There are 2 protein chains.
Amino acid sequence: MQRLQTTGLELFYAQGYYDTSVDDILKKLELSKGAFYYHFDSKEDFFIQIIQNLLARKIYSTLIEPIEGHDNPITLITKCFDNAMETAVHNEMDYGCILSNFLTEFNGKNEVIMRHLNEIVTVWEVNLITALQKGKFNGYLDRHVDCEASATFLMSSYFGVRTLMTSAAPASKKYRFMSQLRQYFKSIEAKPVNS
Amino acid sequence: MQRLQTTGLELFYAQGYYDTSVDDILKKLELSKGAFYYHFDSKEDFFIQIIQNLLARKIYSTLIEPIEGHDNPITLITKCFDNAMETAVHNEMDYGCILSNFLTEFNGKNEVIMRHLNEIVTVWEVNLITALQKGKFNGYLDRHVDCEASATFLMSSYFGVRTLMTSAAPASKKYRFMSQLRQYFKSIEAKPVNS
DNA sequence: CTGTTAACAAACTAAGTGGTCAGTTTTGAA
DNA sequence: TTCAAAACTGACCACTTAGTTTGTTAACAG
């Protein structure tokens with residue numbers, strides 16, 4: 001069962017949902033169709049279970065959990081993005097940010113799945129905002145910073161760079177991105193008081 | 001012929017390439033399959049012609065041409081992104097950035113098409129870098145700015161925010177994004193000389 | 001009027017697609 | 001040992017896919 005979902009997510013991530021047939025998955029697993037439809041109502045049902053069981057966890061462990069804590073959110077987020085992109089650089093099987101890819105694929109096509117995906121996006125957003133607000137409260141961020149806006153900007157840039165990284169020269173893309181991310185962070189960090 | 005390609009791009013953009021059948025396009029055009037395959041070798045050939053004839057032009061007119069000129073690139077890029085996102089906000093048929101969507105869809109699946117798409121990305125990148133360098137030369141940007149890195153950062157953030165905008169509250173996403181884009185720009189613009 | 005050709009129509013093929021179902025094996029408790 | 005429920009098989013169904021083939025117009029040069 002776990003094996004089913006893991007393989008499913010791998011294939012869906014690599015080939016896309018609509019371009020991965022149930023037969024594809026079953027062939028890789030050497031399983032029969034009957035077994036599959038015994039466990040799942042439909043391909044869509046299968047995918048939704050994957051979202052809830054695997055995708056949500058994956059996003060949490062790579063993008064949310066690392067930014068929790070009471071340290072400087074700038075440091076935490078920088079490290080978090082750096083790590084996430086580093087695995088992408090070193091993983092030849094990188095097809096961009098899973099979440100962003102699926103958002104693109106299902107947009108305007110499957111409302112049910114979109115709701116599940118957007119839920120994960122919202123969780124990420126809320127956690128980012130919270131981390132930033134906490135950072136502001138603790139004096140790491142300038143007190144004029146718009147945390148909601150900053151979160152949107154950070155999410156955008158991360159989604160986008162992961163898309164760009166798949167094309168060519170991911171390592172250099174990562175380096176350039178990180179340098180400008182730091183530049184942005186420098187502009188919202190707490191200014192030293194000239195007393 | 002023009003009608004064929006225009007309708008094709010509309011459908012490919014809205015539903016994705018793999019989820020749009022030749023029959024879909026022909027049904028909307030009230031045309032026969034014979035006519036289609038008289039003009040095009042294959043579905044892929046059809047799409048590649050669309051990329052070259054329509055997509056490249058669309059990217060040029062919305063993202064490249066507006067940033068050409070000798071004004072402050074910060075102003076130009078800000079206005080350009082603002083306009084591009086504004087049409088997205090007001091267009092109920094918005095499915096994100098066409099280029100970014102296709103990059104996601106074809107990544108790892110069709111190398112030929114990927115090459116064509118990446119060509120467009122490169123053109124955009126080169127023009128962005130040029131605009132920034134010119135801005136640096138003309139004293140609009142701080143002379144320590146890494147123009148390549150800045151271009152990557154700008155492209156990433158734009159791709160990403162267009163993906164996010166399709167989910168919910170595009171207008172508010174736009175507003176938040178633009179505010180932080182300005183914040184970023186403020187951090188790379190030429191510092192006033194304290195003489 | 002004739003023959004040629006560009007432009008299309010429509011029926012067709014072969015290979016998939018998601019999904020079903022009658023039947024078989026495996027498991028585990030009584 | 002029994003037997004029912006759970007787990008699984010693989011052939012099958014209706015349908016869709018990209019692409020082909022054969023046939024029909026319409027225009028037009030000679």
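Quick caveat, the model's predicted, so the values are computed rather than measured. Residue numbers start from 1 in every chain, and the chains themselves are labelled A, B, ... in the order their sequence lines are given, proteins ahead of strands.
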_Value in whole Å for how far the P atom of dA18(D) lies from CG of Asn110(B)_ = 14 Å

*Rounded to whole angstrom units, what separation is found between the OH atom of Tyr38(B) and the C1' atom of dT22(D)?*
16 Å

*Just how far, in rounded Å, is P of dA7(D) from CZ of Phe40(A)?*
12 Å

_Test salt bridge (Lys or Arg N to Asp or Glu O under 4.0 Å) on Arg143(A) and Glu189(A); report intermediate values, then the result._
CA-CA 9 Å; Arg143(A) 64 207 158 79; Glu189(A) 76 183 349; over 6 Å; no

*Could you check Leu141(B), Val145(B), Ile74(B) and say which one makes a side chain to side chain contact (heavy atoms under 4.5 Å, CB included) with Leu132(B)?*
Leu141(B)

*Tyr158(A) ring center within less than 6.0 Å of Phe81(A) ring center*: yes

*Which residue, Tyr37(A) or Leu31(B), contacts DNA chain C at a nucleotide closer to its 5' end, judged by nearest heavy atom?*
Leu31(B)

*asked:* On DNA chain C, compare the nucleotides closest to Lys43(A) and His39(B); which residue's is nearer the 5' end?
replied: His39(B)

*asked:* Ring centroids only, cut at 6.0 angstrom: are Phe177(A) and Phe153(B) within range, meaning strictly under it?
replied: yes

*Could you give the CZ-to-P distance, from Phe46(B) to dA18(D), as a whole number of Å?*
12 Å

*Partners meeting ring-ring contact (aromatic ring centres under 6.0 Å, His included) with Phe47(A) (sequence neighbours left out)*: Phe12(A), Tyr17(A), Phe102(A), Phe106(A)

*Would you mind reading off the distance between Lys27(A) atom NZ and dG10(D) atom P, rounded to a whole angstrom?*
15 Å

*asked:* Expressed as a whole number of angstroms, how long is the span from Asp23(B):CG to dT16(D):C1'?
replied: 8 Å

*Which residue lies more 5' along DNA chain D, comparing Phe36(B) with Gly34(A) via nearest heavy atoms*: Gly34(A)

*OP1 or OP2 of dT17(D) less than 4.0 angstrom from a side-chain nitrogen or oxygen of Ser21(B), does that happen here?*
yes

*Just the endpoints, please: which first and last nucleotides of DNA chain C, 5' to 3', lie under 4.0 Å from a heavy atom of chain A?*
dT17(C) to dC21(C)

*Is any side-chain N of the basic residue among Lys136(B) and Asp142(B) closer than 4.0 Å to the acidic one's carboxylate O?*
no

*Five pairs at each end of the helix from dC1(C)-dG30(D) to dA30(C)-dT1(D): take the axis at both ends and give me the angle between them to 10°.*
10°

*Does the distance from a Lys or Arg side-chain N to an Asp or Glu carboxylate O, for Arg176(B) and Asp146(A), drop under 4.0 Å?*
no

*asked:* If you count every heavy atom of other residues, nucleotides or ligands that lies below 6.0 Å from Tyr175(A) atom OH, does the total exceed 12?
replied: no

*Check: dA18(D) base within 3.5 Å donor-acceptor of Lys33(B) side chain*: yes

*Within the side chain of Lys109(B), is there an N or O that forms a donor-acceptor pair under 3.5 Å with the backbone of Asp19(A)?*
no

